[in-house]
Amino acid sequence: MGFCKFPMFGFLCLVLVLFGVHAEENAQLMNDRASLLSFMSGVVSDPGHVLENWNSSDVHVCKWSGVSCNNAGDRVTELILNATWLRGTISPALANLSSLRVLDLSRNFLQGHIPKELGFLSQLRLLSLSSNLLEGKIPYEWGFLHNMVYLDLGSNRLKGKIPDSLFCNGSLSLQYIDLSNNSLSGEIPLKNECGLKELRFLLLWSNHLVGSVPQALSNSTKLQWLDLASNMLSGELPSNIVRETPSLEILYLSYNAFVSHDGNTNLEPFFASLVNSSNLQELELAGNNLGGEIPYIIGDLSTILVQVHLDTNLLYGSIPPHISNLVNLTLLNLSCNLLNGSIPPQLYRMGKLERVYLSNNSLSGKIPSALGEIPHLGLLDLSRNKLSGSIPDSFANLPQLRRLFLYENQLSGTIPPSLGKCINLEILDLSHNTISGVIPSEVAGLSSLKLYLNLSSNHLYGPLPLELSKMDMVLAIDLSSNNLSGTIPPQLKSCIALEKLNLSHNILEGPLPFSIGQLPYLRELDVSSNQLIGEIPQSLQVSSTLTHMNFSFNKFYGNVSNEGAFSSLTMDAFLDNNGLCGKIKGMPKCRKRRSSHHLLILSIILSLIAIPILCLFGYRLLLRSRFRSQLAVFNGGDMEDDEQENKEFKYPRISYEQLIQATGGFSASSLIGSGQFGHVYKGVLQDNTRIAVKVLDPKTSGEIFGSFKRECQVLKRTRHRNLIRIITICSRPEFKALVLPLMSNGSLESHLYPSHGLNHGLDLVQLVNICSDVAEGVAYLHHHSPVKVVHCDLKPSNILLDHDMTALVTDFGISRLVKGADEGVSEKVTESISSKDGLLCGSLGYIAPEYGLGQRASPEGDVFSFGVLLLEIVTGRRPTDVLIHEGSNLHEYVKRHYPNKLEAIVEQALDRSCGAPSAMPQAYHNVWTDIILEMIELGLMCTQITPSARPSMQDAAHEMGRLKEYLSNPSSLQLSSQKTAC
Ligand SMILES: *[C@@H]1O[C@H](CO)[C@@H](O)[C@H](O)[C@H]1NC(C)=O
Ligand SMILES: *[C@@H]1O[C@H](CO)[C@@H](O)[C@H](O)[C@H]1NC(C)=O
Ligand SMILES: *[C@@H]1O[C@H](CO)[C@@H](O)[C@H](O)[C@H]1NC(C)=O
């Protein structure tokens, strides 16, 4: 266009250029452009986001983000804007995109009704609006979508009936229908005259559907997944349908009101109809109140079957030994039925079993010793039956056994010492039986026990074994209601993770050791109904964690303060001790004793003088003897293969001496935490940098050294705002420490569960930001860091908060460096770890179920822990607490309330993190509720049993980012002026 040089042609030139662009767009494309613009005007996407290049004059419609055209470039055929932060409503104008074949607006915040006009998009093949906030009914007009193959409206708030037209007048080519997780009601409108012959996936779980499974489904002979769980469907189990659908892989009918044949007495016809489904992998019929015996023919089902859930029904009779033909089964759940007879020893033939639940039945006889031959058995729950005899010795052969529940039976005999060989056991519950004898030292020394040891209500006698002090990870020990005697060993203080200790109703004597009060996490202590004597130790009153205590029915005496941890106690905690006095209401007042008072003051004065002298003396001595020799200035220097890296990652040189000075000689007052791998001290360097010094315990040196090296390697290679940064490493043969910046706001743990004194919970904005930070940090470890890293131990105490409440993930002590990303180092490390896999990874309550069942540490395991963290934040309950009190995992507990019984959980979450519901504007209330619901959903997604079904950490980070955005952008709510505390 040479003549554009001449100014007088300028205007003409501009017109020509504009005309030029539009000339390429024919009339139809102009129409499509107008429809898209009209769609854009109904939604908000933040600046810098997806719709930014829409309607810019120099971008062709077909190049707009999310938009695709046909080959000729004259019609819009695809609009894909999933997970793009869209808010607002769906414009009916989209219906004018008459060549549209794919419309994906899933995973956004779209509200309002689904426009019925979309039903006129006759070319549409894929329509996904899942995971939005859409309300109202599914439009009748959708029956005109004759070419639809894939329809996903799951996880919205749709109500009303499913229109008949959708399944009947509609597309015959439908292969995938997902309407799950809405509030749809009425029957499933599939009539005989309408056959969905191509249907492979029908997902309608979690709605309010009633009626029976429509017979016409038997025309869908290619059906692979049928998930109707959690509705109110009734009628006989659909045997006529499953007989015609031999491709079934997944059949979920749990939590409905189905009955078995012959008036809910006969399960045989249904199981017989499933025999030809040779691809069946998972069968779930739980929670239906199904009657009848478990038919013999169950053993003739597909041997590919991996999971069978028949729990919470009314099944009676005995367990058919023939079931053991299902050799690929990993999970068998028959709990909560009326089963009797004995446990068939043949079960051992199912050599892949990992989890077996037979609890809450009337099973009798002995526990077959053959169960000890199931090599991968990780969980065995036989609780609440009528089993008798003794516990078989053969359990010693179960190296993978993690959880053993035998409580509430009639077991007798003694505890087999061989149980001590189950070196991965984390829960052992033998309570409420008639087991006698002493507690074998082998069992008391099970240092793997991470959650709880419950031997209460048995006939055990003898002393508390000293070996109990080896349980340094156990959270709860309950030995109550036995005949245990002797004294309480002060060594119990080595059980440093202990939160709950119940020794009540025994015949223990002697004093209550001072050291019990020093247990750093102890919250509940019950020593009532024993013969303990002496004063109640001061250490209990000054404990910052103890909240529940019971000292009643003993022989304690002395002055009891009503301060500190005792301030919340009443006289009920001190009944019948005769010798106690003090300010607790109902307790006799103490008489003043001058002499002892004076003595006390004297001793305080003495110690005030003596301690500094001793310290000074000792410190000098220490310096002279230990540090004059080769002084420890290391920049990770003695880590063999690190020479090269030290040059790359220059650390400031900080000597051991400086660390001693900074931490007051690693004094008790600067101790801020203890963990499996050592202690953490706070300190201030001379330049006023506040630091945390993580000193690794040299006692368990082999393991520790590995962990130290791993942590160093990980920390050195990672740079991210949500991962803790390393200041330096101090490493001598007998002293190894990491120096990290001190985070002024402590750990997330201390904010979620403030002990008395410190009482500021976090608000919703902070919580969402923290979760987003954590997800970003871990996603970096998984996807972007130079060495791929699996964190392995994600939990609130490993999340630190900066001065501005930015969350930083820490404690890579047990991280796994994943092979592949950075050969040199990672390969070696992976090898060295694999031998002890499963021993080190994770903390109870947060650990993925597949760990310990032969699975390696994996990114999916971290995603699981992150999911638990989300659910913990929303419910305000520790996963271990739920486990102890409800006997189920946190995610199972939440799932039981999902989606229709969440009100209480949501209300409590709002209460805790947003102030009183009455005080908040309705619009905020709605938004906050949405956010909490979304966090629950993400938490449940991340904690799915099947690792591959969980989202990636990157997806999770993306979701959290979306929520953060949604919450922090008040303009999107048109309410900016009213923003309140939350
Ligand atoms: C959007 O959906 C497509 C498949 O339809 C998927 O491949 C893609 O990852 C999704 N994008 C996001 C951001 O979730
Ligand atoms: C579907 O199957 C039923 C019998 O179950 C039959 O009567 C009906 O004709 C079939 N419909 C189609 C469309 O094939
Ligand atoms: C067990 O499952 C695997 C994987 O699905 C399959 O290859 C194998 O054939 C199954 N075993 C039997 C006996 O069916």
Side-chain angles (χ1 to χ4, degrees), residues 1 4 10-130 132 134 139 141-142 144-153 971-972:
M1 285 190 229
C4 279
F11 174 71
L12 179 63
C13 186
L14 186 66
V15 170
L16 281 176
V17 170
L18 278 180
F19 183 72
V21 170
H22 287 273
E24 293 164 28
E25 296 181 1
N26 62 17
Q28 284 176 323
L29 197 57
M30 297 280 272
N31 267 340
D32 285 356
R33 165 199 274 271
S35 307
L36 288 171
L37 290 180
S38 157
F39 166 75
M40 183 169 91
S41 68
V43 296
V44 185
S45 170
D46 301 303
H49 280 138
V50 64
L51 301 186
E52 204 181 27
N53 69 2
W54 283 36
N55 202 27
S56 128
S57 59
D58 46 53
V59 182
H60 191 274
V61 183
C62 297
K63 299 262 163 59
W64 289 2
S65 42
V67 176
S68 304
C69 294
N70 56 357
N71 287 339
D74 58 5
R75 295 308 309 266
V76 170
T77 54
E78 295 187 2
L79 180 57
I80 302 181
L81 293 169
N82 50 341
T84 49
W85 286 273
L86 292 180
R87 292 185 294 267
T89 56
I90 303 175
S91 163
L94 281 185
N96 297 333
L97 298 170
S98 56
S99 295
L100 203 63
R101 293 159 64 86
V102 175
L103 177 58
D104 186 351
L105 303 176
S106 58
R107 302 168 72 204
N108 283 297
F109 292 100
L110 297 168
Q111 288 174 315
H113 290 240
I114 303 177
K116 61 179 192 294
E117 291 81 356
L118 295 188
F120 302 117
L121 288 170
S122 58
Q123 300 299 313
L124 211 54
R125 296 171 59 79
L126 181 151
L127 174 55
S128 177
L129 304 176
S130 64
N132 276 292
L134 298 167
E141 286 73 6
W142 284 21
F144 305 126
L145 296 170
H146 293 300
N147 286 304
M148 190 121 72
V149 176
Y150 184 104
L151 172 64
D152 188 354
L153 302 178
S971 68
S972 70

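Contact between A93 and S38 at its shortest, heavy atoms only, is CB-OG, 3.0 Å. Nearest heavy atom pair, residue S35 against residue N96, reads OG-CB, 3.2 Å.
A donor-acceptor pair under 3.5 Å is absent between the side-chain atoms of D32 and the main chain of C62, judged by distance alone. No donor-acceptor pair closer than 3.5 Å links the side chain of D74 to the backbone N or O of N26. In this structure a side-chain-to-backbone donor-acceptor pair under 3.5 Å is missing from N82 to R107. Checking side-chain atoms of W64 against main-chain N and O of V59 turns up a donor-acceptor pair under 3.5 Å.
Residues satisfying the side chain to side chain donor-acceptor pair (under 3.5 Å) criterion with N132, sequence neighbours excluded, are absent altogether.
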Identify every side-chain donor-acceptor pair in residues 120-129 under 3.5 Å, counting partners at least two apart or on other chains, and give the distances.
none

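Atom CG of L105 and atom CG of L94 lie 7.0 Å apart (nearest 0.5 Å). Atom OG of S98 and atom CD of Q28 lie 6.5 Å apart (nearest 0.5 Å). Residue T77 holds its OG1 atom at 7.5 Å from CG of L100, rounded to the nearest 0.5 Å. Note that the CG atom of L81 and the CG atom of L51 stand 6.0 Å from one another [nearest 0.5 Å]. Distance OG1/T84 to CG/N108: 4.0 Å, rounded to 0.5 Å. The OG atom of S91 sits 9.5 Å away from atom CG of L36, with the distance rounded to the nearest 0.5 Å.
Within the 4.5 Å cutoff, no side-chain heavy atoms of L97 are placed close to those of L103. Side-chain contact check for V67 versus R33: every heavy-atom pair is 4.5 Å or farther apart.
Other residues, nucleotides and ligands contribute more than 12 heavy atoms inside 6.0 Å of the CZ atom of R75.
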Kindly indicate, with the supporting measurements, whether the criterion side-chain contact (heavy atoms from CB on, under 4.5 Å) is fulfilled by L145 and L151. CA-CA 10 Å; L145 296 170; L151 172 64; 6.0 Å; no
